[in-house]
Structures are given as C-alpha cells and as structure tokens.
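So you know, we letter chains A, B, ... as the sequences are listed, proteins then strands, and number each from 1. Owing to the predicted nature of the structure, the values given are computational and were not obtained by experimental measurement. The figures that follow rest on heavy atoms only: side chains count, while hydrogens, waters and symmetry mates do not.
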Amino acid sequence: MSRLTGLLWQAILPAALIAGYQFWAVRAHNPYFPPLGAIAREFRATWLGPGFTEHVLPSLWNLVRGYLIGLLAGVAGGVLLGRVRVLRDLLGPLVGFFLTLPAVALLPIFVIALGIGATMQVGVIVFSVFFVVLVNTTAGMRAVDAALIDVGRAYRIGPLRRLFLLLLPAAAPYIVAAARTALSIAVLVMVVSEMVGAPYGIGAVTLLAQQEFQYARMWAGMVLLALLGYSLNAAFALVERFTVGRWGMVATTGEGRS
Amino acid sequence: MSDTLVSVEHLTKFYGDHLAVDGVTFGVRTGEMVSIVGPSGAGKTTALRIVAGLLEPTSGSVTIGGVRVTGPPPDVAVVFQDYSRSLLPWLTVLGNVTLPLRAKGLSRTAARTAALDALAAVGLDGTARRRPRELSGGMQQRVAIARALAYRPKLLVMDEPFASVDAQTRMDLEDLILPLRQEYAVTIMLVTHDIDEAVYLSDRIVVLSPAPSTVLRVIDVDLPLPRSQTATKELPGFARLRHEVLDLVRARTD
C-alpha cells in the first residue's frame, strides 16, 4: 500500500505537467505545440507501422552494437590500465584528453573517416562509450581493496579466477555506474549521429519532420526518445540492484561527460 | 614432532629509510602454535607477511619445510585481521571457501565436500548459501578460518585474527582454534598484540621489541592441555607467563 502511494506521489507532477500542456495546447492552436491527440496519432503512424522496421530497429541495432563494443573494449582497456602501471603512465594523458572531448564534436571527423551510414554511427557510439567506461574501470581497478589482492595472492588464485571472481566484481561499483552513464550518452550520440545526413533512423526522421514543419511528428520523435531513455535507465537500475546492490555495495557515481 | 617446519633467519626489512625489522631469527616446529607478540608498530605483521610470501624481505630468509619462500607458498593459508575486507561479498559463504580449493585444482565436488566439512568444523553448518554480510562479525571470521582450514595448509598464518570482534566472541574463537589444530594437523603462527591470548593459545611466544624489531625473548608456555578460559587463566603459571611477557613488552615502550 505504501509502495502504491509512493508511486502515486511520484506520478503527480508528471501527470500535472502533461495535463497542463494538453489544456494549454488545445486552446493555443500554436502549430509548434500540437495537442496530445495529434502527437499520439503521429507516433502510431511514424513509429509503429512500417517505420518500426525502417527506422526504430536500425537505430536500436546501432545503439546495441555500439554500446556493447564500447563497453567491452572499455572494460578490457580499463583492466589493463588499472593493472599495468607503465600503460597508465603512457596513456593516461591521452585518455584524459579524449574523455573531455565530446564525441558529438568529432562527428565531422568520423564522417570523413567512415562516411555516412551505420559504420560511422556505430563508430561514434563506440567512441563515446569507450572512454567513459575505460576511465572508470581503471579507477575501479585501482580502488580494489589491498586486503582482497592479498587474499588472491595468499591463496594463489590464478589469473582468470582472479580477474573474473575477484578484481572485476570488486571494481563493479565503478563499472556499473560508468555503464549507466555511458548508456544515456550512447542514446544521445545515436540520435545526433543520425541527424548528419542519415536517410533513416529515429534522429533522421525527427530532424526531417522539424525541417518539413511536421511538428506533431517531431514531437512523436521526442516522445519515443524519452520513452527509450527512461526504459533503458529503468532496466539498468534492475541490473544494478541484482549485482552490486545484492552484494551490499553501492554504485560509485561515474565520471561522465555531457 | 620436534622437527622445524618454519625457520626465519636474520630477517631484515627496510621501508625506505625506516628499519622495521632488524635481524629477526626464530623457528616454528611442526604441529606447534607460536605467537608473535610485541608493542604496536613492532613489525609483527611485517614479519608475518614475509613468512606468508606476501612481502619480500630486504635481507634474511624464510624457509618452510626446507623450501625457501619467494612468493606465497602452496601449503600456507592466511587468516587476515579484517574479515569484512578479506571475504568476497559477491560470493556465498560456500563460494568463498571453495574458491582457493578450485584454484588449487580440486574438482567441484571435492572442493564442495572439503568446504562443507570445514564449515561444519567451525560451527557454521547451514550457512553455505548465505552471503558474508548476512552473518555476524564473529561468524564471518569463522568463514575465513574455514577457508584457511579447508585449504589443508601445513602452516596456518593468522594476523590479529580476533582483533575486530567483541570479547565474548573472541573467547569463542580462541576455543574454536585449539581443538581444530589437532583435527586439521596444522602448525599455526599467530600475530597478536593481546598478551593473554598469546599465553592462552600458544606453545611458545616470540616477543619482539619496538621497531627496529629484534627478538627479545622466546618463551616456552608449559601450561597443561587442554586449556580452558577459566581454569587455565587461574593457574599460577598463566599469571607468571603473562607477567613475564608484559614486562618485556612494556619495558621497551616506556
């Protein structure tokens, strides 16, 4: 019961905002801000018809590929940087430089190098995810309690078990937090990359709608992206709860970038 | 019975310019329980870490069963001071105890059997599926002890193992260790700053001076076995030994 009332409380403000918008939009007849009904109709027509396979699925497929590649490469690189001092000293400044560089600003370079299309889009997502995960995994590996390292050494735990059963779980609060930050960055980069000359994808359709004065369709794009971001974040909260949460660890706030 | 298992010879350790351990020599016989005591900062833990192969000495040597220690030896198990940091919170109790056994090459079933036996021996039946943080501090340290015993070491090295639990739990754990020595036929080297504990548990006590540490005296504990928290501690011999060790430890700190 208290959980239900909690949910109700949380729903009050969003519901009020939506209702307020609708109340105003119906009366204002402002072409830039269509009423909810029009947005819902466009949402169905644009995203749930043939548009689903034409635009939504390719976008998601790029997102999944780019995110997973960036995540795995970032964790692997972070393990190396965290454990090997020479590498850390050698690559540290470079990694710091790339971390502060917004992936979106590098889009022109990616377009030149990879052309316009899925390869470029996946590439930018990989790039944006990689450095966030790399830096935080490195920090996580550095932060593994010396007592645990001693346990691993004293009991002669071999390299594979040491990595997967000792070091990576110990660094998990950092890695999970980074993976979560990286996911929202990946969604952002996915959309922006599709706004550069792409013939398909959620970002492309949304931008085109704005340029063609199809404002209801543009809003439908916003709604889809909001839903996507929200559900991915919620899914991630579950992942967190069943890993670090269950171990009594707290996810360390990741170092991200905007 | 009286052959030497561990021999520590002229052990010296510098941390930078700071001389922590200065030519420490002592031996531990097979089956014996030897305590290392000394004032805090006396390089007890340093000496223990070198014996366990976790730290390199600046000079001198440690040999265990005739083999010179150059890294963590295969037949040495360690119980660390801080159970909350030395158990893996993402593994179950069983997972924590089996991990070193699996790493040693035991099959899944053999490791499981050995782990369950050790858990039963430390009085933790029925906790195998729990996670460390669901157990009390004393129970967590029992898990760490079970992990060490299941490893079937020749030498068990314990670094202030009962320092982070309350007094009652501490007595329980001390009385747990005594019979397990026989059951697991293990030689024990214990670092402690608690003189009563050293006298109560040990066959011999190595008293170290403050840093730079040297061996002040090696004292034979001739108290009868089995020992008991009440009867043993009331013996005149207990008081005499306690007095002797305390004088040595305090004389050098004042």
Problem set entry | NZ/B/Lys104: more than 12 non-hydrogen atoms of other groups inside 6.0 Å | yes
Exercise. Got a sec: does the CD of B/Glu56 have more than 12 other heavy atoms crowding it under 6.0 Å?
Worked result: no
For this session: Look at the side chain of A/Arg153 and the backbone N and O of B/Pro72, then say whether any donor-acceptor pair between them is shorter than 3.5 Å.
Result: no
Problem set entry | Minimum-distance pair of heavy atoms, taken over all atoms of A/Leu148 and B/Leu87 | CD2-O, 4.1 Å
For this session: Specify the closest pair of heavy atoms between B/Tyr151 and A/Arg156, including all atoms of both residues, with the distance to one decimal.
Result: OH-CD, 3.8 Å
Seminar exercise, completed: If one checks every heavy atom of A/Asp150 against chain B at 4.5 Å, the contacting part turns out to be both
Exercise. Should we count CZ of B/Arg133 as having more than 12 external heavy atoms under 6.0 Å?
Worked result: yes
Exercise. Taking A/Tyr155 for the side chain and B/Leu101 for the main chain, is one N or O donor matched with an acceptor at less than 3.5 Å?
Worked result: no
Problem set entry | Nearest atoms (heavy-atom pairs only) where B/Ala103 meets A/Gly158 | CB-N, 4.4 Å
For this session: Flag yes if more than 12 heavy atoms outside B/Arg181 fall under 6.0 Å of its CZ atom; otherwise flag no.
Result: yes
Exercise. Measuring heavy-atom distances to chain B, does A/Arg161 have an atom under 4.5 Å in its side chain, in its backbone, in both, or in neither?
Worked result: side chain
For this session: Go through B/Ser86, B/Ala77, B/Pro74, B/Pro132 and name the one with the most non-hydrogen pairs under 4.5 angstrom from chain A.
Result: B/Pro74
Exercise. Just wondering, do B/Leu99 and A/Leu165 contact through their side chains at under 4.5 Å, heavy atoms?
Worked result: yes
Exercise. Distance-only, no hydrogens or angles: does the B/Trp90 side chain make a donor-acceptor pair with backbone N or O of A/Ala170 under 3.5 Å?
Worked result: no
For this session: Under 4.5 Å heavy-atom distance to chain A, tell me which part of B/Arg102 shows up: side chain, backbone, both or neither.
Result: both
Problem set entry | Which portion of B/Arg85 sits near chain A, non-hydrogen atoms under 4.5 angstrom | both
Seminar exercise, completed: Nearest heavy-atom approach of A/Ala154 to B/Val78 is CB-CG2, 3.8 Å
Seminar exercise, completed: Interatomic distance, CD1@A/Ile149 vs CG@B/Leu54, rounded to 0.5 Å, equals 11.5 Å
